[in-house]
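Step one of this worksheet: look at the structure below.
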Amino acid sequence: MLEKIEQLIKEVNALKAASAEELESLRLKYLSKKGAINDLMADFRNVPAEQKREVGQKLNELKVMAQDKINSLKEAFEAQKAVDEKPDLTRTAYPVELGSRHPLNIVKNEIIEIFSRLGFVLADGPEVEDDWHVFSAMNFAEDHPARDMQDTFFVEAHPDIILRTHTSSVQSRVMEVTQPPIRIICPGRVYRNEAISYRAHCFFHQVEALYVDKNVSFTDLKQVLLSFAQQMFGPDTKIRLRPSYFPFTEPSAEMDISCNICGGKGCAFCKGTGWVEILGCGMVHPNVLELNGINSKEYTGFALGMGIERITNLKYQVKDLRMFSENDVRFLKEFEAAN
């Protein structure tokens, strides 16, 4: 018995632990009910009477030593943990609140999700573009007003390099390297040289969609538009198409939806008409297909485009476009529930 106690004393003196889990294992090994010291306590009754005093003292010494050793190792771990987790004195004393998605991102993601369910895939392109992809490949005439300095930001050292005025440049980049069927949606930021006011800005965000394949018709376009409007604004939403003009589509149209505020009855928001314009659309012009390497006699397609700010205004009735880019936390907090 004394030899076992002396052996355990040496083991306890040499105890080391690299982690809190390892320390707990050592505690269970020596101090638990099924541990080595408790086993010796159980065998103590078999010790001859003349040795009980000496053996008892050694057992108590072993037990106290083991408890002290385990406690000292535990304190060392806790002290190191306190050092590792010392407070960051550079942090603010106030709680750091979680942010929320920007309202434009909320609406953009919703639009992308709707079109993805219709089979459209995401496409992206550069914001700093060349004249070909922004204008020429999209059937803009050389003297088209959109090329004027009043509408377009040009890079002074490189007259053919501009900030894109629409995300149609992404459509061009996809068509020139991809043969139909093509079904893409192109969200992104665009730039126009306009005076900043509550209803206009020098940069804003668009989402455009393109579908090119054999036998694509205006009926296909109308059905996609109706499906989108009802998923975005509600199942009772009605649409109407009005003839319009865009260089890259023929025929072209602008789409209105029944006012989602008054239900089409007429109010101040829709100016009493019961309708609100939300996007432009049309069948892809044959010239655009040919300019981008697609046979217009074999393939047809439709395209549509909308301003994300416009859709966000309709959903949340934000009256001043400047609020989207001013990063006023009070304004952004209003959209926490929409995340």
Side-chain angles (χ1 to χ4, degrees), residues 102 104-105 107-108 111-112 122-178 182 184-210 212 244-250 252-254 277-282 284-294 301 303-313 320-327:
H102 194 281
L104 294 180
N105 278 336
V107 173
K108 181 189 75 172
I111 294 171
I112 292 173
L122 203 61
D124 195 12
E127 295 181 12
V128 180
E129 263 288 8
D130 54 52
D131 179 274
W132 169 260
H133 290 99
V134 175
F135 295 127
S136 299
M138 302 309 295
N139 200 37
F140 280 78
E142 289 292 334
D143 58 351
H144 194 281
R147 295 173 180 264
D148 195 285
M149 283 290 294
Q150 293 178 359
D151 290 325
T152 306
F153 287 104
F154 289 85
V155 177
E156 186 174 357
H158 302 278
D160 289 335
I161 304 300
I162 61 178
L163 298 183
R164 67 183 181 188
T165 58
H166 51 195
T167 52
S168 301
S169 58
V170 181
Q171 299 180 29
S172 173
R173 286 188 173 274
V174 171
M175 284 190 288
E176 68 183 4
V177 297
T178 309
I182 298 171
I184 59 171
I185 181 170
C186 322
R189 180 179 292 181
V190 298
Y191 306 83
R192 294 182 188 174
N193 193 1
E194 296 183 4
I196 298 174
S197 67
Y198 75 96
R199 57 180 298 175
H201 211 292
C202 62
F203 70 85
F204 53 99
H205 301 80
Q206 283 187 338
V207 174
E208 297 194 26
L210 172 71
V212 179
S244 186
Y245 167 76
F246 304 109
F248 34 83
T249 53
E250 179 60 38
S252 303
E254 290 181 348
E277 178 191 337
I278 68 166
L279 59 81
C281 60
V284 179
H285 200 295
N287 289 350
V288 173
L289 295 176
E290 295 291 344
L291 286 166
N292 289 281
I294 295 176
L304 60 96
M306 69 193 86
I308 299 178
E309 282 84 350
R310 178 66 169 166
I311 305 300
T312 308
N313 282 343
D320 192 335
L321 283 177
R322 292 170 293 191
M323 297 182 72
F324 290 126
S325 56
E326 288 178 348
N327 293 324

Output the distance between atom [atom1] ([X]) and atom [atom2] ([Y]), rounded to the nearest 0.5 Å.
X      : Y      : atom1 : atom2 : result
Ile185 : Ile111 : CD1   : CD1   : 7.0 Å
Leu122 : Ile112 : CG    : CD1   : 5.0 Å
Arg310 : Leu279 : CZ    : CG    : 10.5 Å
Glu129 : Ile161 : CD    : CD1   : 8.0 Å
Ile162 : Phe154 : CD1   : CZ    : 5.5 Å
Ser197 : Arg322 : OG    : CZ    : 6.5 Å

Is [Y] close to [X] at the side-chain level, that is, under 4.5 Å between some pair of heavy atoms?
X      : Y      : answer
Asn193 : Asp151 : no
Leu210 : Ile182 : yes
Asn105 : Lys108 : yes
Ile196 : Leu321 : no
Leu291 : Trp132 : yes
Leu163 : Glu127 : no
Pro247 : Met138 : no
Ser325 : His201 : yes

- Message: Test side chain to side chain contact (heavy atoms under 4.5 Å, CB included) on Leu104 and Glu309; report intermediate values, then the result.
- Response: CA-CA 7 Å; Leu104 294 180; Glu309 282 84 350; 3.7 Å; yes
- Excluding sequence neighbours, so at least two apart, what forms ring pair (Phe, Tyr, Trp, His ring centres under 6.0 Å) with His205? none
Could you tell me whether the side chain of [X] and the main chain of [Y] form a donor-acceptor pair under 3.5 Å?
X      : Y      : result
Arg164 : Arg189 : yes
Ser252 : Thr249 : yes
Asn139 : His285 : no

Can you list everything that forms a side chain to side chain donor-acceptor pair (under 3.5 Å) with [X]? Sequence neighbours excluded, please.
X      : answer
Glu277 : none
Thr167 : Glu208
Glu176 : His133

- Message: When you compare the side chains of Asp131 and Ser136, does any donor N or O come within less than 3.5 Å of an acceptor on the partner?
- Response: yes
- Message: Is the ring pair Phe248/Phe140 parallel, tilted or perpendicular, if the boundaries are 30 and 60 degrees?
- Response: tilted
- Item | Which atom of Gly125 lies closest to which atom of Val170, heavy atoms considered | N-CG2, 3.7 Å
- Task: Kindly give the heavy-atom pair with the smallest separation between Pro187 and Val207, and that separation in Å.
- Result: CB-CG2, 3.8 Å
- For the pair Thr165 and Val190, evaluate side chain to side chain contact (heavy atoms under 4.5 Å, CB included) and give the outcome as yes or no after the intermediate values. CA-CA 5 Å; Thr165 58; Val190 298; 5.8 Å; no
- Partners of Glu254 by salt bridge (Lys or Arg N to Asp or Glu O under 4.0 Å), sequence neighbours excluded? Arg242
- Item | Residues that Asp160 engages under salt bridge (Lys or Arg N to Asp or Glu O under 4.0 Å), provided they are two or more places apart | none
- Query: Can you check side chain to side chain contact (heavy atoms under 4.5 Å, CB included) on Val288 and Gln171, steps first, answer last?
  - Reply: CA-CA 10 Å; Val288 173; Gln171 299 180 29; over 6 Å; no
- Message: Can you confirm if the aromatic rings of Phe204 and His166 lie within a centre distance of less than 6.0 Å?
- Response: no
